[in-house]
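In what follows, every chain begins at residue 1, and chains take the letters A, B, ... in the order their sequences are listed. Values in this document were obtained by computation on a predicted structure and should not be read as measured data.
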Amino acid sequence: MSTQNRINQLFQNKKENIFSVYFTAGYPLLEDTVRIIQALEKNGTDLIEIGMPFSDPVADGPVIQHSSTVALKNGMSIKKLFEQLATIRETVQIPLILMGYLNPVMQYGVENFCKKCQEVGIDGLILPDLPLNVYQEEFRSVFEKYGLHNILLITPQTSDARIREIDEASNGFIYMVSTSSTTGVKSNVSDFNKDYFERVRQLKLKNPHLIGFGISNRETFENACQYASGAIIGSAFVKALEQEATLEERISSFIKKIVISA
Amino acid sequence: MKYQVDRKGYYGEFGGAYIPEMMHPNIEELQQRYMEIINSYNFRHDFIHLLKHYVGRPSPLYFAKRLSEKYGSNIYLKREDLNHTGSHKVNNTIGQILLARALGKTRIIAETGAGQHGVATATVCALMGMKCIVYMGALDVERQAPNVKKMKMLGAEVIPAVSGNQTLKDATNEAMRDWINNPEDTHYIIGSVVGPHPYPDMVAQFQAVISEEIKMQLDEHLGREFPTRVIACVGGGSNAAGAFYHFLENEEVELIGVEAAGKGVDTEETAATLTLGKVGVLHSAKSMLMQTEDGQIVEPYSISAGLDYPGIGPLHSHLFQTKRAKYLWATDEEVLEAALELTQLEGIIPALESAHALAALKKIELKPDEVTVINLSGRGDKDMETYLNYFGY
């Protein structure tokens, strides 16, 4: 395990227009997880966030709430997800991040969870309800032991001083939440808070950042890319999975609409 | 001070603030300022004034003579049902609306189960001229219709939560989402001793007036400040926290919380969190939780919408773990019988929630010289339909 974390490799090799996608594991169908990851990579996705569904996702809007409910009904669990990902590194090279809420991870056992992540080849974690201070005091050492980067969020309300603290505690990238909202809020480029984007750029942080929340089409993606190394699409992608056609077709046509030459 | 919150916001291993970054500025502001604000002269003055002249405090501590005779002991009822708006909830909403005003907030959000906290919030918003939005599970909107109408008449907007089981947990999720989407002008008035630090401590302090009065009133009645025991129902646990508060450090006072067992703790239709739960994180605090092995939250059930919650405040998890308090449970059926008993012995129709505390009388041994205080947290007007359907009047 002497190789560098795939997240760092990505940001070293690619400085702009990084295209990152979130989806909920176990949705639309329980066994879609691996197919979705493979199709995303094939269509030029740089980084994937695999959502671990939770019954009470308070930071999420209706689309991801719905996909989480369906995934849980389908029988998704952390245990099941690790089974599905057991051989993912035989076919997939891009960095993979698990994203979800703290409680299911706690019940799985934090150390066990991290160990399993390393075994299957996960590069980082995003746990929105794991705040910075608790991460530093109780989780950091075990995350690092298993080579996992913790991705922390900042928002338009986050002070400069706190952004610097978060930068200091981060070692992959910073997840820059575009607007003060839950996920999946339909936004236009004009809603973007340019002052905030500019403020963060001026801080000259040591970590790169990706912009997420409200990125839903080519216009918002390209605009976000002007202020960050790239952007993350979540709800819009999850919604696109509901359409007719095969899974692979749905994914490829969605990505073509957003990235010109992925 | 074994049972007070520590500097980091924990009661033993329970509590804390497991908040997404989007909530950080609001929670940090509350953490840094709540003690200073609620201990300020202006706040104390307004709080005490409103509790006396607006809420009608102190609420009586009533010696229930016929109930006492039946159980061969001395039973006192702390009459929170006589407060303005009909329950203990208003103690907290008065405190929090004054706090919101001090913080310069203009828009108030709240969650509600039975509608008692929603009505108490809508009431203080009308009083202070603030915009009020109440999230309520769609199922509760149906089963607590009179309270929904009251909130609307008071000028509040009631938004039904349609996710999950459409009850209190889901209403709380929606309120948190609202706060994430409105981080600047909004204060979230949480109705119980749940949520991230400092809410559990703050709400407990506002409800502590209950036990403060019990001590003074017992002294007047009996020349003693401490009862043998205090009994209160527990959902999130705010009325119990208030009724226990000034007795916590006096270990001779037995403290009993009563959870909602619904159709029974051996069924899946129950809300007895401490009896059945495991440690976890929900609604930004670490506490006992009803959950699956995979850490998904289990949908609770109780006949009483106010106790229909899969979690419990971190203070109670701590009192349970340290055995400072004892937690019993009562089934829907036991609760309905207890409500009828009080109604016909004392002429007081209790709320379904409060009837859980009354149901404990049949589960403990009462001696003739003992003094038991039951916190009668609310009145039964809102539950008349349930009572009439069950008893067939």
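Phe213(A) touches chain B through its side chain: at least one heavy atom from C-beta onward sits under 4.5 Å away, while N, CA, C and O do not. With a threshold of 4.5 angstrom between heavy atoms, Val134(A) approaches chain B through side-chain atoms but not through N, CA, C or O. Looking at Gln65(A), only its side chain comes within 4.5 Å of chain B, counting heavy atoms on both sides. If you measure heavy-atom distances from Ile166(A) to chain B, the contacts under 4.5 Å come from the side chain alone. Heavy atoms closer than 4.5 Å to chain B are found in the backbone of Met76(A), but not in its side chain. Heavy-atom distances place no part of Glu28(B) under 4.5 Å from chain A, backbone and side chain included. Within the 4.5 angstrom heavy-atom criterion, only backbone atoms of Asp60(A) (N, CA, C, O) approach chain B. Ala175(B) does not touch chain A: none of its heavy atoms, backbone or side chain, sits under 4.5 Å away. Of the atoms belonging to Glu299(B), not a single heavy atom falls under 4.5 Å from chain A.
Surrounding NZ of Lys278(B) are more than 12 heavy atoms belonging to other residues, nucleotides or ligands, all under 6.0 Å away.
Ranked by heavy-atom pairs under 4.5 Å with chain B, the list Thr69(A), Leu72(A), Thr158(A) is led by Leu72(A). Annotation: maximal heavy-atom pairing with chain B below 4.5 Å, among Pro156(A), Pro62(A), Pro57(A), occurs at Pro57(A).
Under the 3.5 Å distance criterion, with hydrogens and angles disregarded, a donor-acceptor pair is assigned to the side chains of Asp201(B) and Tyr34(B).
Using cut-offs of 30° and 60° on the angle between ring planes, the pair Tyr3(B) and His318(B) is tilted.
For His149(A), the side-chain hydrogen bond (donor to acceptor under 3.5 Å, both in side chains) criterion is met by Asn8(A), Asn171(A), not counting sequence neighbours. Residues forming a side-chain hydrogen bond (donor to acceptor under 3.5 Å, both in side chains) with Asn112(A) (at least two apart in sequence, or on another chain): none.
Considering OG1 of Thr182(A) and CE of Met176(B), their distance stands at 13.5 Å, rounded to 0.5 Å. Atoms CD1 and OG1, from Ile109(B) and Thr186(B) in turn, are 6.0 Å apart once rounded to the nearest 0.5 Å.
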